[in-house]
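Structure first, commentary second.
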Amino acid sequence: MREYIIKTLQKALKADDISLESPKDLKHGDFSSNIALIRAKQEKKNPRELAAEIKGIIEKHDKGNIFEKIEIAGPGFINFFIKNSFVKECLKEVLEKNGTYGSNDLGKGTKVIIEFVSANPTGPLHIGHGRWAAIGDSIANILDFSGYKAHREFYVNNVGRQVNLLIESVKAAMNNAPVPEDGYNGSYIKDVGELAKKESPKDLKKFVLNTMLDSQKQTLSDMQVCFDEWFFENTLHDSGEVKKTIELLKKKGATYEKEGAVWFRSESFGDDKDRVLVRENGDPTYFAADITYHANKFKRGFDLLINVWGTDHHGYVKRLQSALEAIGLPSHKLDIIIGQLVALYRGSEPVRMSKRTGEMITLKEVVDEIGKDAMRFFLLMTSADSHMDFDIELAKKQTLDNPVYYIQYAYARICNIIKTGGIDIPSLKGTDLGLLVEESERELMMKVLDFPEEVKICAKTMQPHHLVRYSRELAAVIHSYYHKCRVICDDRELMKARLILMESTRIVISNMLKLLKVSAPERM
RNA sequence: GUCCCCGUAGCUCAAUUGGAUAGAGCAUCAGCCUUCGAAGCUGAGGGUUGCUGGUUCGAUCCCAGUCGGGGACACCA
């Protein structure tokens, strides 16, 4: 609906810089625009006079189709009141489009690769990984829904010092030897060691890495996070691509040698300092491989690169962008979302250690305890760049305290009403929506019709939490409506009209929860 | 010391990316079950948006500074 109105305004005013807001105060109409305020500044005119001019043009153009009335208010806002008949036309669109309602073509087929989690295979995932997982996965869903072609990828760092340390640590555990310096010593190391003893694999390194990776895969799968591809770092070394990247940087004059190592001049690109590409011992650094990896993403034909990283990697952003620039790749097409860390609580008590193992609590333990739906919902509830306090006790509650159930309950309620109504939805065609005259009905319709805009906001900002906020608002309107209006009633025509409203609401919740991958139960 | 993020109601978070009287949930208090699911609804109280300046018709949002919390500053990944 909003989109249609914007298009109408664009046509009427022959301009494309139309912005439309949804005012908080009903007195300010269904939509409002600050266009007169902005133009008045540019053209140095009186904003209210300009607003009146604009209002005249729009009214002439509209001929009473969409707008009930248009008002000028405050310093020069133009407030639009939408005709009920038009709202109901839009409601029909929800039923027609059904599962695709809310989708858009923002991406215009852009191939986008979204890389997320990419944890080292040296240990179990933690709650922070869960956050990047939920965010990355949902962004990918939203982008797919917005006309992009999203490719979900996990980069496996199966090369380097940390991996060697992991293997040495496992070996030590198998022989009851002390943990190597800087090695790993969690209980999972012993577990893998036991397993390796039992199976005595030919290639211990391969076995350990696979075991670690499988356990990460399992945890992610428990959260219903899926990847199109698991990209292994070693393939970049094996194919010689890493060497090629280093040669290319050398050729571009972006490197120099010092103390036996090859350095990249990242400082001249605005980074804090220069960075090593090839160590004194001749091994390329992780950084060198990562430049190659991102070059490889472009080579595979992706037009847009999105990475979801933990805040502990933020210092890494500048050097990667610098390196891409140095080899002539469009670094502005790399969008890195930095997610802040998650602090776990039980009630007001901070949780760091696992009760069972006495070590850092793992993602798996939390997912096992509270379940996939609450997990995803809570991790998606807040903006990625705000620090997050995650209360396990609250997420676990199956009561009204828990916002997940609030939404799911609204869905189950609607499903039950539709079921009780006992009328086939398709047979409701031709129903007179003009019978929906209650204020609460209009409120619900407007909220339902807002869905496509919310999807767009998420796609544009790459922040799925907007959708979660919307889901709570929508559920609140639904519950309120439920108490104000009865759907199942003796007036059969009215009932049919209200069933259509229920069905379109159901469709929106269903589409929305699919994007978040939170289940929508018909019964609870 | 340098860089990034955050600071909003007692608590956890929003605020359509510069819009009109800063909103929800929890907690507190007062109401609502003979009718489609009370896992719900209705209402009340609760604020100098950490602080100080600046930019403009307008700032929670942008800029400068300052205080507090978190994180990062490897020839680790």
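Just so we're on the same page: letters track the sequence lines, and every chain starts at 1.
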Next on the checklist: Measuring from the side chain of A/Asp385 (C-beta onward, heavy atoms only), which nucleotide among B/A77, B/C36, B/C5 has the closest atom?
Outcome noted: B/C5
Checklist entry - What nucleic acid atoms does A/Cys485 come within less than 4.0 Å of, heavy atoms only: base, sugar-phosphate, or nothing? => result base
Checklist entry - Under 3.5 Å, is there a donor-acceptor pair between the A/Gln162 and A/Thr122 side chains? => result no
Item to check | Check: A/Tyr345/A/Glu393 side-chain N/O donor and acceptor closer than 3.5 Å | outcome: no
Checklist entry - Taking the same atom, P, in B/C62 and in B/C5, what whole-Å distance lies between them? => result 10 Å
Item to check | Per A/Ile457 side chain, nearest of listed nucleotides B/C57, B/C36, B/U16 | outcome: B/U16
Next on the checklist: Strictly below 4.0 Å: does A/His466 bring a side-chain N or O up to OP1 or OP2 of B/A15?
Outcome noted: yes
Checklist entry - Does B/U48 sit syn or anti, given that only angles within 90° of 0 count as syn? => result anti
Item to check | B/G23 to B/A64 separation - C1' atoms, rounded to the nearest Å | outcome: 30 Å
Checklist entry - With rounding to whole Å, what would you report as the distance between B/A74 and B/C11 at their C1' atoms? => result 40 Å
Checklist entry - When rounded to the nearest Å, what value does the distance between C1' atoms of B/A38 and B/C57 take? => result 49 Å
Next on the checklist: Please verify the inter-ring angle class for A/Phe154 with A/Phe227; under 30° counts as parallel, over 60° as perpendicular, anything in between as tilted.
Outcome noted: perpendicular
Checklist outcome for this item: Heavy-atom nearest nucleotide on RNA chain B taken for A/Ile338 and for A/Tyr316; more 5' hit belongs to A/Ile338
Checklist entry - Can a donor-acceptor pair under 3.5 Å be found between the side-chain atoms of A/Asn158 and the base atoms of B/A77? => result no
Checklist entry - Is any side-chain N or O of A/Lys24 closer than 4.0 Å to OP1 or OP2 of B/A22? => result no
Checklist entry - Between B/C6 and B/G45, how far is it from one P atom to the other, in whole Å? => result 32 Å
Checklist entry - With a non-hydrogen cut-off below 4.0 angstrom, is A/Ala73 in contact with a base, only sugar-phosphate, or nothing? => result base
Next on the checklist: Heavy atoms from C-beta onward define the side chain here; which of B/C75, B/U16, B/A14 lies closest to that of A/Ser383?
Outcome noted: B/A14
Item to check | Syn/anti label of B/C57 as read from its glycosidic torsion, with the cut at 90° from 0 | outcome: anti
Item to check | Distance, rounded to the nearest Å, where A/Met381 contributes CE and B/C26 contributes P | outcome: 12 Å
Checklist entry - Of all the base pairs, Watson-Crick or G-U under 3.5 Å, which form stems of three or more consecutive pairs involving RNA chain B? => result B:1-7 with B:67-73, B:10-13 with B:23-26, B:28-32 with B:40-44, B:50-54 with B:62-66
Checklist entry - Are side-chain N/O atoms of A/Arg506 and A/Tyr411 paired as donor and acceptor at under 3.5 Å? => result yes
Checklist entry - Ring stacking, A/His483 with base of B/G40, under 5.5 Å and under 30°? => result no
Checklist entry - Picking from B/A77, B/C75, B/C36, which would you name as closest to the side chain of A/Tyr286? => result B/A77
Next on the checklist: Looking at A/Thr382, I'd like to know whether one of its side-chain N or O atoms comes within less than 4.0 Å of OP1 or OP2 on B/U12.
Outcome noted: no
Item to check | Euclidean distance, atom CE of residue A/Met388 to atom C1' of B/C13 [Å, nearest integer] | outcome: 10 Å
Checklist entry - Under 3.5 Å, is there a donor-acceptor pair linking the side chains of A/Lys205 and A/Asn210? => result no
Next on the checklist: What verdict does the side-chain contact (heavy atoms from CB on, under 4.5 Å) test give for A/Arg413 and A/Ile478, after you've listed the backbone C-alpha separation in whole Å, the side-chain angles of each residue and the deciding distance to 0.1 Å?
Outcome noted: CA-CA 9 Å; A/Arg413 218 174 205 180; A/Ile478 291 164; 5.9 Å; no
Item to check | N/O (side chain, A/Tyr481) to phosphate O (OP1/OP2, B/C41) under 4.0 Å | outcome: no
Next on the checklist: In whole Å, I'd like the distance from the CZ atom of A/Arg48 to the P atom of B/A20.
Outcome noted: 17 Å
Item to check | Whole-Å C1' distance, B/C73 and B/U55 | outcome: 33 Å
Checklist entry - Should A/Arg472 be listed as having a side-chain N or O under 4.0 Å from OP1 or OP2 of B/C13? => result no
Checklist entry - B/G71, B/G19, B/A14: which one has an atom nearest the side-chain heavy atoms of A/Asn34? => result B/G19
Checklist entry - Taking the six-membered ring of A/Trp230, is NZ or CZ of A/Lys217 closer than 6.0 Å to its centre and within 45° of its axis? => result yes
Checklist entry - What's the CD-C1' distance between A/Gln216 and B/A77, to the nearest Å? => result 13 Å
Next on the checklist: Applying a 4.0 Å non-hydrogen cut-off, can you work out what A/Asp389 is touching in the nucleic acid: base, sugar-phosphate, or nothing?
Outcome noted: sugar-phosphate
Checklist entry - How far, in whole Å, is B/G68 from B/C51 if one measures between their C1' atoms? => result 11 Å
Checklist entry - Do A/Tyr316 and A/Gln321 get their side chains close enough for a donor-acceptor pair, meaning under 3.5 Å? => result no
Checklist entry - Ring stacking, A/Tyr409 with base of B/G40, under 5.5 Å and under 30°? => result no
Item to check | Closest to side chain of A/Asp312, choosing from B/A77, B/A72, B/C75 | outcome: B/A72
Checklist entry - Which part of the nucleic acid does A/Thr461 contact within heavy-atom distance under 4.0 Å: base, sugar-phosphate only, or nothing? => result base
Checklist entry - Is any side-chain N or O of A/His465 closer than 4.0 Å to OP1 or OP2 of B/A15? => result yes
Checklist entry - Which part of the nucleic acid, if any, lies within contact of A/Met524, taking any heavy atom under 4.0 Å across all strands shown: a base, the sugar-phosphate backbone alone, or nothing? => result base
Checklist entry - Once you round it to whole Å, what is the distance between P of B/C4 and CG of A/Asp271? => result 12 Å
Item to check | Closest listed nucleotide, where the reference is the side chain of A/Arg2 and the choices are B/G40, B/C36, B/U16 | outcome: B/U16
Next on the checklist: With hydrogens left out and only the distance checked, is there a donor-acceptor pair under 3.5 Å joining A/Lys27's side chain and the base of B/U21?
Outcome noted: yes
Item to check | Options B/G40, B/A39, B/U17, nucleotide nearest the side-chain atoms of A/Tyr405 | outcome: B/A39
Checklist entry - Do we see a donor-acceptor contact under 3.5 Å between the side chains of A/Glu233 and A/Tyr293? => result no
Checklist outcome for this item: Which of B/G19, B/G40, B/A77 is nearest the side chain of A/Tyr406? It is B/G40
Item to check | A/Asp30/A/Arg442 ion pair, N-O < 4.0 Å | outcome: yes
Item to check | Minimum-distance nucleotide to A/Pro75 side chain [options: B/C6, B/A77, B/C57] | outcome: B/C57
Item to check | P spacing across the pair B/C4 / B/G46, given as an integer number of angstrom | outcome: 39 Å
Checklist entry - Taking atom C1' of B/A74 as reference, at what distance in whole Å does atom CD of A/Gln162 sit? => result 11 Å
Checklist entry - Does the B/C5 base have a donor-acceptor partner in the side chain of A/His387 within less than 3.5 Å? => result yes
Checklist entry - Does a donor on one side chain sit under 3.5 Å from an acceptor on the other, for A/Ser322 and A/Arg275? => result no
